[in-house]
*Asks:* 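Following this message is one structure expressed as structure tokens.
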Amino acid sequence: QVQLVDSGGGLVQAGGSLRLSCAASGRTFSSAAMGWFRQAPGKEREFVAAISGNGYLTTYTDSVKGRFTISRDNAKNTVYLQMNSLKPEDTAVYYCAGRRNPYYSRSRGEYGYWGQGTQVTVSS
């Protein structure tokens, strides 16, 4: 059983930065692609970023390209989302997700493991 624990959210002013972390249990972390999704009030959960199991390949939704960076430390079973130049429209609950496949996906249906979510609020 894989468990994911998200952390690092908070309240920040527009233009500020936050780093989210997701700690995973299990001995097969390096073979699991990981992703970050977010859900704003009244909206569906949407893809933000994903990374391959070996960390070499990443992909982002267009609205965060150049501002967010996903990375992972397989020795620590942890994936990160560095968020810079935050905007009010980035406000949402952010969820870490994992899948039993080393290749990333942008589809939430491809992920079988989810963190509990961490709130990110960006004030204008």
Side-chain angles (χ1 to χ4, degrees):
Q1 184 76 9
V2 175
Q3 290 187 322
L4 304 177
V5 179
D6 307 326
S7 63
L11 173 64
V12 64
Q13 289 187 332
S17 299
L18 283 173
R19 188 176 81 155
L20 306 184
S21 298
C22 173
S25 64
R27 292 178 288 180
T28 59
F29 181 73
S30 62
S31 64
M34 301 294 293
W36 286 97
F37 291 76
R38 65 187 180 187
Q39 188 167 17
K43 295 187 177 181
E44 292 194 354
R45 193 171 299 187
E46 65 173 0
F47 170 78
V48 176
I51 188 167
S52 60
N54 60 14
Y56 292 159
L57 300 176
T58 59
T59 185
Y60 301 88
T61 192
D62 286 347
S63 63
V64 308
K65 283 180 181 177
R67 301 188 298 122
F68 291 10
T69 302
I70 188 171
S71 61
R72 64 191 297 160
D73 184 337
N74 285 346
K76 295 182 178 179
N77 278 18
T78 302
V79 63
Y80 305 97
L81 185 68
Q82 178 66 44
M83 306 186 295
N84 298 329
S85 301
L86 282 161
K87 304 176 180 180
E89 50 263 44
D90 294 318
T91 295
V93 178
Y94 283 71
Y95 296 90
C96 163
R99 65 191 302 247
R100 286 191 178 276
N101 189 306
Y103 300 102
Y104 63 63
S105 171
R106 298 164 68 96
S107 172
R108 66 182 184 185
E110 295 291 326
Y111 291 84
Y113 304 101
W114 292 86
Q116 81 285 2
T118 185
Q119 176 71 48
V120 171
T121 303
V122 184
S123 63
S124 57

*Asks:* Apply side-chain contact (heavy atoms from CB on, under 4.5 Å) to Glu89 and list each qualifying residue two or more places apart in sequence or on a separate chain.
*Replies:*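 Scan of Glu89 (side-chain contact (heavy atoms from CB on, under 4.5 Å), adjacent residues dropped) gives Lys87.
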*Asks:* With no hydrogens and no angle check, is any side-chain donor or acceptor of Arg106 less than 3.5 Å from a backbone partner on Tyr60?
*Replies:*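 Flag set: sc Arg106 to bb Tyr60 pair under 3.5 Å.
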*Asks:* Is it true that the NZ or CZ of Arg38 lies under 6.0 Å from the centre of Tyr94's six-membered ring and within 45 degrees of the ring axis?
*Replies:*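 No, Arg38 and Tyr94 do not form such a contact.
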*Asks:* Honestly curious: do Val93 and Val64 fall in one hydrophobic cluster under the side-chain, below-4.5 Å linking rule?
*Replies:*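 No, no single cluster joins them.
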*Asks:* Counting only N and O atoms by type, is there a donor-acceptor contact under 3.5 Å from the side chain of Asn84 to the main-chain atoms of Gly15?
*Replies:*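 Checked: no pair found.
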*Asks:* So do the side chains of Asn77 and Ser25 get within less than 4.5 Å of each other, counting heavy atoms only?
*Replies:*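 Of all side-chain heavy-atom pairs linking Ser25 with Asn77, none is under 4.5 Å.
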*Asks:* Once you round to the nearest 0.5 Å, how far does OG of Ser30 lie from CG of Asp73?
*Replies:*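 Reported to 0.5 Å precision, the distance equals 11.5 Å.
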*Asks:* Under 3.5 Å, is there a donor on one side chain and an acceptor on the other for Tyr111 and Arg99?
*Replies:*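 Distance-only check fails for Tyr111 and Arg99.
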*Asks:* Please examine the side chains of Trp114 and Cys96, heavy atoms only from C-beta on, and report whether any two atoms are closer than 4.5 Å.
*Replies:*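 No - every pair of side-chain heavy atoms lies 4.5 Å or more apart.
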*Asks:* Given side chains that start at C-beta, do those of Ile70 and Tyr80 come closer than 4.5 Å, heavy atoms only?
*Replies:*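 A side-chain contact under 4.5 Å is absent here.
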*Asks:* Given side chains that start at C-beta, do those of Thr61 and Glu46 come closer than 4.5 Å, heavy atoms only?
*Replies:*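 No, too far: nothing below the 4.5 Å cut-off.
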*Asks:* In Å and rounded to the nearest 0.5 Å, what is the CD to OH distance from Glu110 to Tyr103?
*Replies:*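 Nearest 0.5 Å value for the CD-OH distance: 14.5 Å.
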*Asks:* Grab the two heavy atoms, one from Pro88 and one from Ser124, that are nearest each other, plus how far apart they are.
*Replies:*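 The pair with the smallest heavy-atom distance is CG-CB, 3.9 Å.
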*Asks:* Given 3.5 Å as the limit, does a donor-acceptor pair link the side chain of Thr91 with the main chain of Val122, or not?
*Replies:*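 It does hold such a pair.
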*Asks:* Restricting to side chain to side chain donor-acceptor pair (under 3.5 Å), what partner residues turn up for Thr121, sequence neighbours left out?
*Replies:*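 Thr121 satisfies side chain to side chain donor-acceptor pair (under 3.5 Å) with Gln119 only.
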*Asks:* Give the minimum heavy-atom separation between Ser31 and Thr28, together with the two atoms involved.
*Replies:*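 Between these two residues, the closest heavy atoms are OG-O, 2.8 Å.
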*Asks:* Show the nearest heavy-atom pair for residues Ser85 and Asp90, with the distance to one decimal.
*Replies:*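 Closest approach of Ser85 to Asp90: O-OD2, 4.5 Å.
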*Asks:* Taking all non-hydrogen atoms of both residues into account, name the closest pair between Gln116 and Asp6 and its distance.
*Replies:*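 Reported closest heavy-atom pair: NE2-O, 2.8 Å.
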*Asks:* Between Arg108 and Tyr95, is any side-chain donor less than 3.5 angstrom from a side-chain acceptor?
*Replies:*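 No.
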*Asks:* With no hydrogens and no angle check, is any side-chain donor or acceptor of Glu44 less than 3.5 Å from a backbone partner on Gln39?
*Replies:*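 Checking the backbone N and O of Gln39 against the side chain of Glu44, no donor-acceptor pair under 3.5 Å is found.
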*Asks:* Starting from Val5 and following side-chain heavy-atom contacts under 4.5 Å between hydrophobic residues (I, L, V, M, F, W, Y), which residues can be reached?
*Replies:*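 Cluster partners of Val5: none, it stands alone.
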*Asks:* Just by distance, do the side chain of Ser52 and the backbone of Leu57 share a donor-acceptor pair under 3.5 Å?
*Replies:*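 Such a contact is found between Ser52 side chain and Leu57 backbone.
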*Asks:* Using atom types as modelled and distance alone, determine if a side-chain donor or acceptor of Ser107 lies under 3.5 Å from a backbone N or O of Ser105.
*Replies:*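 Here the side-chain-to-backbone pair does not exist.
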*Asks:* Minimum heavy-atom separation for Leu18 and Gly8, please, with both atom names.
*Replies:*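 Leu18 and Gly8 have their closest heavy atoms at CD2-O, 3.9 Å.
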*Asks:* In terms of hydrophobic clusters joined by side-chain contacts under 4.5 Å, are Tyr104 and Val2 together?
*Replies:*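 The answer is no; the residues belong to distinct hydrophobic clusters.
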*Asks:* Is the shortest side-chain heavy-atom distance between Met83 and Val120 below 4.5 Å?
*Replies:*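 Of all side-chain heavy-atom pairs linking Val120 with Met83, at least one is under 4.5 Å.
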*Asks:* What's the shortest heavy-atom distance between Ala24 and Leu4, and which atoms?
*Replies:*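 Here Ala24 and Leu4 meet closest at CB-CD2, 3.5 Å.
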*Asks:* Are the aromatic ring centres of Phe47 and Phe37 under 6.0 angstrom apart?
*Replies:*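 Centroid distance Phe47-Phe37: below 6.0 Å, so yes.
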*Asks:* Is the closest side-chain heavy-atom distance between Leu20 and Phe68 below 4.5 Å?
*Replies:*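 SC-SC contact between Leu20 and Phe68 ruled out.
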*Asks:* Would you say the side chain of Leu81 lies within less than 4.5 Å of the side chain of Thr69, judging by non-hydrogen atoms?
*Replies:*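 The answer is no, as the side chains (C-beta and beyond) never meet within the 4.5 Å cut-off.
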*Asks:* May I ask you to decide if Gln82's main-chain N or O and Arg19's side chain share a donor-acceptor pair within less than 3.5 Å?
*Replies:*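 Absent.
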*Asks:* Rounded to the nearest 0.5 Å, what separation is found between the SG atom of Cys22 and the CZ atom of Arg72?
*Replies:*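 Between Cys22 SG and Arg72 CZ, I get 9.5 Å after rounding to 0.5 Å.
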